[in-house]
Student: 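Dropping the structure in here first, questions after.
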Amino acid sequence: MRQLLPSPHGEVDPYHAYDDLPPSAVRLNLVMTVDGSVGDHEQWTDSLGGAADFHVFRSLRALADGIMVGASTVRTGRVGPHRPTKILAARRVERGLPATAPIIVVSQSLQLDWSHRLFTEAVVPTVVVTSAAARRSVQTSDSVRIVTAGEDTIDLRSAVRHLQDDLGLRHLLCEGGPTLATAMLEEQLIDEFCLSLAPSLIGGQHHLQLLGNLRKRIDLQLAALYEADNTIFTRYRLHWPHARDHRAASATDLR
């Protein structure tokens with residue numbers, strides 16, 4: 001990976017290059033094609049960025065205390081427990097972290113397959129964020145940790161505060177999908193947006209949009225730019241008008 005901005009540089013290791021955020025920062029990482037689709041012909045991201053994107057993907061996971069994913073993404077059955085390489089696992093241990101990070105599933109309805117390997121094979125128990133109403137009405141697995149945030153719908157701001165302050169999962173990585181990514185941005189919870197631009201065109205018939213509807217435009221500040229194997233890696237910082245703890249809370253629907 002070559003660094004292009006903020007100043008040209010030779011080869012850099014993404015694990016070290018991306019390791020410059022405050023401990024409690026929340027990072028959003030997504031990949032899309034040049035024509036703006038975040039999914040391939042199967043509506044999935046696996047084939048988009050290639051080996052270079054997978055390297056960054058693994059590095060960002062290794063830097064995180066917890067990895068947030070939306071319920072719809074989990075229902076595809078393709079999200080499993082965090083399994084870093086031996087080198088990345090060793091780096092996590094050197095930092096005082098568990099070798100693997102917990103996956104944090106955000107689900108409004110709790111309509112999940114509790115027999116899936118994400119809930120049965122994780123070395124560090126999977127965390128599920130939901131509302132109090134769903135928690136009362138749905139029986140969950142004993143192998144997961146439940147975080148209740150909000151009464152009838154999920155209060156994402158409260159959820160992030162609980163994850164960071166009570167569970168010690170300070171540096172959070174959000175991997176989408178579009179519903180969760182949009183909600184996290186709307187709630188002003190994202191500090192850095194990492195967007196990989198895959199060198200391919202998918203066409204309208206398979207197009208999957210990056211985000212849902214936003215109430216208003218969100219301006220970004222380019223912090224860094226990298227290139228590897230024809231894939232462009234951008235890092236944008238978001239500067240919200242108020243500190244996260246003082247932002248007005250509102251619920252979001254993540255079924």
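Treat the numbers as computed from the prediction; the structure is a model and nothing was measured.
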Student: Evaluate the side-chain proximity of L225 to Q3: yes if any heavy-atom separation is below 4.5 Å, no if none is.
Tutor: no
Student: Does the Q221 side chain pair with the main chain of Y236, one donor and one acceptor, at a distance under 3.5 Å?
Tutor: no
Student: How long is the span from the CZ atom in F193 to the CD1 atom in I218, to the nearest 0.5 Å?
Tutor: 9.5 Å
Student: Would you say Q209's side chain and L211's backbone share a donor-acceptor pair under 3.5 angstrom?
Tutor: yes
Student: Is it the case that atom CD1 in I87 sees more than 12 heavy atoms from other parts of the structure closer than 6.0 Å?
Tutor: no
Student: Could you walk me through whether Q111 and V138 satisfy the side-chain contact (heavy atoms from CB on, under 4.5 Å) test, starting with their C-alpha distance in whole Å, then the side-chain angles of each, then the deciding distance to 0.1 Å, before giving a yes or no?
Tutor: CA-CA 8 Å; Q111 297 303 312; V138 178; 3.9 Å; yes
Student: Would you sort out whether I104 and I67 count as a side-chain contact (heavy atoms from CB on, under 4.5 Å), showing the intermediate values?
Tutor: CA-CA 6 Å; I104 303 165; I67 303 161; over 6 Å; no
Student: Check the orientation of F57 and F54. Use parallel for under 30°, tilted for 30 to 60°, and perpendicular for over 60°.
Tutor: parallel
Student: If the condition is side chain to side chain contact (heavy atoms under 4.5 Å, CB included), which residues does D13 pass it with, not counting sequence neighbours?
Tutor: Y15, H16, H55, R91
Student: Under a 4.5 Å side-chain heavy-atom rule over Ile, Leu, Val, Met, Phe, Trp and Tyr, are L21 and L189 clustered together?
Tutor: no
Student: Is there a side-chain contact between T33 and L201 in this structure, where contact means two heavy atoms from C-beta onward sitting under 4.5 Å apart?
Tutor: no
Student: Around atom CG of D166, are there more than 12 heavy atoms of other residues, nucleotides or ligands at under 6.0 Å?
Tutor: yes
Student: Side chain of S143, backbone of F119: donor and acceptor closer than 3.5 Å?
Tutor: yes
Student: Could you tell me which residues satisfy side-chain hydrogen bond (donor to acceptor under 3.5 Å, both in side chains) with N230, sequence neighbours excluded, listed by chain and number?
Tutor: none
Student: Nearest 0.5 Å, please: how far is CG in L4 from CD1 in I232?
Tutor: 6.0 Å
Student: Do L30 and L220 sit in the same hydrophobic cluster, where Ile, Leu, Val, Met, Phe, Trp and Tyr count as joined when their side-chain heavy atoms come under 4.5 Å apart?
Tutor: yes
Student: Are R235 and Y18 in a cation-pi contact, defined as NZ or CZ under 6.0 Å from the six-membered ring centre and within 45° of the axis?
Tutor: yes
Student: Which heavy atom of L180 sits nearest to which heavy atom of G70, and what is that distance?
Tutor: CD2-N, 3.5 Å
Student: Specify the closest pair of heavy atoms between T231 and P199, including all atoms of both residues, with the distance to one decimal.
Tutor: OG1-CD, 3.4 Å
Student: Passes side-chain contact (heavy atoms from CB on, under 4.5 Å), T153 versus Q108? Steps please.
Tutor: CA-CA 6 Å; T153 54; Q108 176 65 39; 3.8 Å; yes
Student: Which residue pairs pass the salt bridge (charged side-chain N to carboxylate O under 4.0 Å, His left out) test when at least one of the two sits in residues 197-212, sequence neighbours left out?
Tutor: none
Student: Do P102 and V124 have side chains that get closer than 4.5 Å, going by heavy atoms?
Tutor: yes
Student: Side-chain contact, heavy-atom cut-off 4.5 Å: V105 with V69?
Tutor: yes
Student: How would you list all residue pairs meeting salt bridge (charged side-chain N to carboxylate O under 4.0 Å, His left out) that involve residues 103-119, not counting sequence neighbours?
Tutor: none
Student: Going from CZ on R92 to CG on L97, what distance comes out if it is rounded to the nearest 0.5 angstrom?
Tutor: 5.0 Å
Student: Which atom pair, heavy atoms only, marks the closest approach of V12 to A17?
Tutor: CG2-CB, 4.3 Å
Student: Does the R2 side chain pair with the main chain of G10, one donor and one acceptor, at a distance under 3.5 Å?
Tutor: no
Student: When rounded to the nearest 0.5 angstrom, what is the spacing between CE in M32 and CG in L197?
Tutor: 5.5 Å
Student: Looking only at non-hydrogen atoms, find the nearest pair between P81 and E121 and report the distance.
Tutor: CG-C, 4.0 Å
Student: In terms of hydrophobic clusters joined by side-chain contacts under 4.5 Å, are L60 and V93 together?
Tutor: no
Student: In the structure I gave you, are the side-chain heavy atoms of H171 and R27 within less than 4.5 Å of one another anywhere?
Tutor: yes
Student: Could you tell me the separation between the OG1 atom of T148 and the NE2 atom of H162, rounded to the nearest 0.5 Å?
Tutor: 8.0 Å
Student: Can you check whether L118 reaches I103 side chain to side chain, under 4.5 Å on heavy atoms?
Tutor: yes
Student: Using atom types as modelled and distance alone, determine if a side-chain donor or acceptor of E187 lies under 3.5 Å from a backbone N or O of R157.
Tutor: no
Student: Is it the case that the side chain of D155 and the backbone of A149 share a donor-acceptor pair, with hydrogens and angles ignored and the cut-off at 3.5 Å?
Tutor: no
Student: I need the full list of salt bridge (charged side-chain N to carboxylate O under 4.0 Å, His left out) pairs touching residues 167-176, with sequence neighbours left out, sorted by first then second residue.
Tutor: R61-E175
Student: Within a strict 4.5 Å, meaning less than it, do heavy atoms of the L112 and S107 side chains meet?
Tutor: yes
Student: Is there any salt bridge (charged side-chain N to carboxylate O under 4.0 Å, His left out) pair reaching into residues 125-140, and which pairs are they, with sequence neighbours excluded?
Tutor: R136-E151
Student: If only atom types and distance count, is the side chain of D191 paired as donor or acceptor with the main-chain N or O of V26 below 3.5 Å?
Tutor: yes
Student: Which pair of heavy atoms, one from C174 and one from M184, lies closest together, and at what distance?
Tutor: SG-CG, 4.2 Å
Student: How long is the gap from CG on L173 to OG on S59, to the nearest 0.5 Å?
Tutor: 11.0 Å
Student: Please examine the side chains of E192 and L28, heavy atoms only from C-beta on, and report whether any two atoms are closer than 4.5 Å.
Tutor: no
Student: Decide whether S196 and D53 meet the rule of one side-chain donor and one side-chain acceptor closer than 3.5 Å.
Tutor: yes
Student: Between V128 and V123, is there shared hydrophobic-cluster membership here, with clusters defined by ILVMFWY side-chain heavy atoms closer than 4.5 Å?
Tutor: no
Student: Would you mind checking if R95 and D19 are paired as a salt bridge, meaning a charged N to carboxylate O distance below 4.0 Å?
Tutor: yes
Student: Specify the closest pair of heavy atoms between R58 and L88, including all atoms of both residues, with the distance to one decimal.
Tutor: O-CD1, 3.7 Å
Student: side-chain contact (heavy atoms from CB on, under 4.5 Å), that's the test. Do V144 and V127 meet it? Break it down for me.
Tutor: CA-CA 6 Å; V144 304; V127 178; over 6 Å; no
Student: Is the backbone of I190 close enough, under 3.5 Å, to the side chain of W240 for a donor and an acceptor to pair up by distance?
Tutor: yes
